[in-house]
Structure formats: C-alpha cells, structure tokens
*Asks:* 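For reference, the structure I am asking about is given below.
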2 protein chains.
Amino acid sequence: MAKQKNYVSEAVMRRIPRYYRYLTDIEKAGTERISSRELSQRMRLTASQIRQDFNCFGGFGQQGYGYNVSELRQELQKILGVNTDHHVIVIGAGNLGQALANYTGFKKDGFLVNGLFDINPRLIGISIRGINIYDLDDLERFTDQNPIQIAAICTPKEKAQEVTNRVVRNGIKGIWNFAAVDINVPQDVVVENVHLSDSLYTLSFRMNDY
Amino acid sequence: MAKQKNYVSEAVMRRIPRYYRYLTDIEKAGTERISSRELSQRMRLTASQIRQDFNCFGGFGQQGYGYNVSELRQELQKILGVNTDHHVIVIGAGNLGQALANYTGFKKDGFLVNGLFDINPRLIGISIRGINIYDLDDLERFTDQNPIQIAAICTPKEKAQEVTNRVVRNGIKGIWNFAAVDINVPQDVVVENVHLSDSLYTLSFRMNDY
DNA sequence: TAGATTGTTAATCGATTAACAATC
DNA sequence: TAGATTGTTAATCGATTAACAATC
C-alpha cells in the first residue's frame with residue numbers, strides 16, 4: 001500500500017525514532033492496533049501531525065481502523081534502516097568510548113561495535129566486553145579488512161576532524177560525533193552530532209529563566 | 001545596552017550553545033571583534049539569522065563595528081547560566097554514569113558531579129575520580145544535605161521515571177535524561193533528553209537513502 | 001564625512017493544524 | 001449500512017531571509 005516517498009524534512013526525521021520507540025513499547029504491551037488520535041494522546045502530538053508524518057512515507061493506515069501496530073513498527077524499522085546490522089568502530093577509547101563499547105543496548109538494534117582505537121599504549125591491546133582496543137595506527141588496515149559503516153568519534157576535539165578525514169578516506173559514510181566541534185565531511189557522508197556540553201548548556205539555560 | 005528580553009523560541013535556544021562554543025574558540029584565537037557576516041560564514045548560517053537570534057536578548061552589537069567577541073561571549077555565558085556552578089548527581093553508576101563522572105570537560109563549565117548513586121552492592125562505596133558511589137537508598141538524605149540542582153538519569157529505562165520522581169520530590173529542578181524513555185515532570189522542572197539510540201537511528205536513517 | 005554593519009520591519013518560506021471527502 | 005478514521009487539501013502559524021533606515 002506504501003505510496004511514493006516524499007521529501008522528509010528535518011523536523012519529521014527527528015520524530016521518527018520516537019515513533020519507533022513508542023510503537024515498540026506498544027507492541028510489547030500487546031496492543032494490535034492504534035489510531036492517530038490515541039497515539040497523539042500518548043506522545044503529546046496532534047493526530048494531524050502524526051498522519052502527516054507517516055504520509056511522507058506512504059499510507060500505512062486504514063480508514064475506520066487506524067494503524068496495525070506491528071506492521072507500522074516494521075515499516076518504521078525499515079525506514080530507519082535498523083532492520084539490518086551496522087558495523088561500528090569507536091575512535092578514542094576513553095571513558096565515553098569505553099561506555100559506548102560496553103553498552104549492550106545498541107546490539108539489540110543491530111549496531112555492533114567491532115573495535116576501539118586509541119593512541120594510549122596503556123589501552124592498546126586490552127579488550128572491553130570482547131572488543132579489542134587497537135593502535136590508531138592500525139585504523140586504515142582495520143577498515144580495509146572489515147566492512148565498517150559507522151565511526152563514533154570520541155577523541156578530544158582537537159583530533160576529531162583529523163580522524164574523521166582518515167575514516168572518510170577509507171570509505172566510512174556515517175560519523176557519530178561526540179567531540180565538541182562541528183566537523184566537515186563530503187556530501188555523501190552523514191554526521192550525527194551528540195554534543196553533550198551543548199545539551200548541558202541548554203538544560204542550564206532553561207533552568208535559568210527563559 | 002541590552003534591551004528587553006523577548007520570547008526565545010526552541011529553534012533559537014538550540015543555537016545558543018553553538019554560538020557560545022564558536023565565540024569561545026574565536027576569543028581563544030585572539031580575535032577581538034566579529035561581524036554577523038563573518039560569523040555567518042564560519043557557522044554556515046545567514047547573517048540575518050544571527051542578528052535576529054542575538055536580538056532576542058537585546059542588542060550586543062554596534063553599527064559599523066560588529067560585535068565585541070569577549071563581551072558577546074560573556075553575555076551568552078550569562079544567558080546560558082554557565083557563569084555560575086551547577087551541582088550534579090548521577091543516578092546509575094554503570095558505564096555511562098561513570099563516564100559522565102569521569103569526564104573532566106564538564107568541570108570547566110562549572111558542572112560539578114557531587115555523587116553517583118546505584119543499587120549494585122559491588123559499586124556502592126567505591127569512588128570515581130574522588131566522587132563516591134552511594135547507595136540509592138541514601139538519595140534523599142544526600143539531596144537534603146547537599147545543594148544539588150541537576151540529576152543525570154543513567155538508570156535502565158524501567159527505573160527512570162521512578163528515580164526522577166524521587167529527586168523532583170526533593171527539590172531538584174533539572175533532569176538530564178539518558179534513559180530511552182520520555183519522562184514526565186511538573187511544570188517547574190526542566191528535562192533535557194540525550195537519547196543516544198534515537199541519535200543512532202537518525203544516523204542510520206540518513207545513511208539509508210532519504 | 002564615508003563606509004560598514006547593526007537592529008528591526010516586511011516578505012517569504014516551511015511546518016503545523018484544521019477540515020473534510022474518501023473509504024474501510 | 002453507520003461509525004470511525006485515514007489521507008490529503010486548505011488555512012494558519014511560526015521561523016527564516018531580505019531589505020533598509022539608523023547610527024557608529
């Protein structure tokens with residue numbers, strides 16, 4: 001039933017993961033179908049917006065019935081591309097890098113950490129949950145020999161652009177950037193930023209007064 | 001020179017930390033003044049938008065001159081509320097919680113982690129960079145005896161709402177939520193979400209095709 | 001003064017909401 | 001069939017961009 005794909009705005013895109021999260025929960029709770037109105041009440045959106053959002057990707061619903069939860073969840077899963085595995089390397093094996101490698105939650109969504117990289121000789125050679133920490137010098141060799149799609153950048157901000165350039169040169173198309181800088185990449189590479197300090201600033205700002 | 005405060009939209013608010021970050025860098029590099037046009041080129045925004053954004057808070061610039069970098073940076077610092085210290089507790093001393101406690105970068109912005117809390121007997125009693133891990137049962141006592149403004153929620157998602165309720169009951173007004181759920185709080189409490197899985201989904205989505 | 005650049009108003013663009021015919 | 005709810009078009013609202021008078 002899915003029709004033609006429309007342009008997906010930034011605003012819509014940012015809501016998709018949240019829809020997916022809710023629908024996963026709802027399905028687990030055993031609910032078979034849901035209307036845009038019911039979903040809107042749970043998620044504190046308008047029903048109109050939900051229908052508009054879903055219709056960017058084609059009609060998943062049925063008049064008079066609503067949406068089949070399981071079917072819709074699977075559609076969103078496909079749209080997000082989390083129906084297949086992604087292979088990830090983490091560059092920078094400090095606290096944050098190790099935390100990402102340790103976090104088992106990503107695995108169930110198919111994000112598999114295949115290796116960590118660092119320049120600290122004390123870290124090189126050890127392993128975290130069975131994931132080895134390699135010498136950063138081996139980065140190119142590793143990415144040549146293993147099919148890696150995503151690099152998580154957990155280096156100090158001074159090194160972020162440089163290591164990004166290196167992995168991009170070796171064909172990686174997705175950068176998950178935790179360094180507090182905006183990094184530049186070619187058009188065909190995607191950067192998703194997690195600026196923790198920006199997030200804290202925002203929290204502080206909103207606690208402040210405005 | 002700062003005029004009346006205007007309403008600050010979500011969109012504007014999300015850009016302020018980035019302005020602050022850039023101006024900090026520019027000041028460090030020794031630049032004394034900058035025009036909206038120069039800044040727009042660096043940040044890939046329009047000069048118009050930058051001027052509109054700053055004018056939500058009053059006029060910081062001077063016709064024919066531009067903006068004084070140091071002054072503007074300080075204004076943004078005040079607006080963000082990061083000119084004073086914030087006391088933080090981290091609930092959930094797993095990988096992520098420990099990484100946050102370990103991360104020294106927050107300290108320089110005045111975000112001071114005063115304690116970690118967990119239910120795991122193996123963790124309770126040890127300390128991370130001089131920050132103790134306490135029994136979650138001691139949460140109320142601790143927040144009564146220490147002036148804490150922010151709680152970082154790093155528990156499994158099933159426990160997130162519950163521990164949030166507990167800290168909110170004890171007067172904490174800022175929640176930095178790392179659990180993959182949307183939590184509910186009273187109107188006077190601020191929640192800032194860091195949904196890492198949503199962020200990964202978004203990355204995957206954009207690598208996919210759209 | 002002349003040149004530069006702001007602060008601010010007006011125009012445009014895009015996103016959200018409302019409304020309703022189509023249809024299950 | 002009657003009731004419910006979608007998909008989609010139109011109306012509204014808000015955010016971004018353009019333009020320019022004010023002024024340093």
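All values below come from the heavy atoms of this structure, side chains included, with hydrogens, waters and symmetry mates left out. Lettering of chains follows the sequences in order, A, B, ..., and the numbering in each one begins at 1.
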*Asks:* With no hydrogens and no angle check, just 3.5 Å: does a side-chain donor-acceptor pair link B:D53 and B:Q49?
*Replies:* no
*Asks:* Spell out protein contact along nucleotides 17-24 of chain C as letters: B when the base is contacted, S when just the sugar-phosphate is, - when no protein heavy atom is under 4.0 Å; keep the 5' to 3' order.
*Replies:* BBBB-BBB
*Asks:* Parallel, tilted or perpendicular, judged at 30° and 60°: which one describes the rings of A:F60 and A:F54?
*Replies:*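 Tilted, since the angle between the ring planes falls between 30° and 60°.
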*Asks:* Note every stem involving DNA chain C: at least three consecutive Watson-Crick or G-U wobble pairs, i with j then i+1 with j-1, with both distances under 3.5 Å.
*Replies:*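 Stems found: C:3-24 with D:3-24.
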*Asks:* Using 30° and 60° as the class limits, which term best fits the ring planes of B:F106 and B:W176: parallel, tilted or perpendicular?
*Replies:*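 Aromatic pair B:F106/B:W176 classed perpendicular.
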*Asks:* If you measure only the distance, is there a donor-acceptor pair under 3.5 Å linking the side chains of B:N68 and B:R33?
*Replies:* no
*Asks:* Look at A:D198 together with B:R18 and state whether they make a salt bridge at an N to O cut-off of under 4.0 Å.
*Replies:*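 The answer is no: the pair does not qualify as a salt bridge.
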*Asks:* Mind telling me whether B:Y134 and B:F142 have parallel, tilted or perpendicular rings, with 30° and 60° as the class edges?
*Replies:*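 Rings of B:F142 and B:Y134: tilted, as their planes differ by 30° to 60°.
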*Asks:* Once you apply a heavy-atom cut-off of 4.0 Å, does B:Y67 come out as touching a base, just sugar-phosphate, or nothing?
*Replies:*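 The residue B:Y67 makes sugar-phosphate contact but no base contact.
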*Asks:* Could you tell me which residues satisfy side chain to side chain donor-acceptor pair (under 3.5 Å) with B:E192, sequence neighbours excluded, listed by chain and number?
*Replies:*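 Expected list: A:S199, A:R206, B:R14.
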*Asks:* Whole angstroms only, please: what is the CD-P distance between B:E71 and C:dT6?
*Replies:* 13 Å
*Asks:* Which whole-number value in Å describes the distance from B:E38 CD to C:dA4 C1'?
*Replies:* 12 Å
*Asks:* For D:dT16, take OP1 and OP2 only and decide whether either is under 4.0 Å from a side-chain N or O of B:R15.
*Replies:* yes
*Asks:* A:R37 CZ to D:dG3 P: how many Å, rounded?
*Replies:*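 It works out to 16 Å between those atoms.
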*Asks:* Looking at C:dA15, D:dA15, C:dG7, which one has an atom nearest to any side-chain atom of B:N55?
*Replies:*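 Output: C:dG7.
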*Asks:* Whole angstrom is fine here: how far is it from CZ in A:F54 over to P in C:dT16?
*Replies:* 14 Å
*Asks:* Rounded to the Å, how far apart are A:I50 CD1 and D:dT6 C1'?
*Replies:*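 Going from A:I50 (CD1) to D:dT6 (C1'), I get 13 Å.
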*Asks:* Determine, for A:Y22 and A:R42, whether the Lys NZ or Arg CZ falls below 6.0 Å from the six-membered ring centre while staying within 45 degrees of the axis.
*Replies:* no
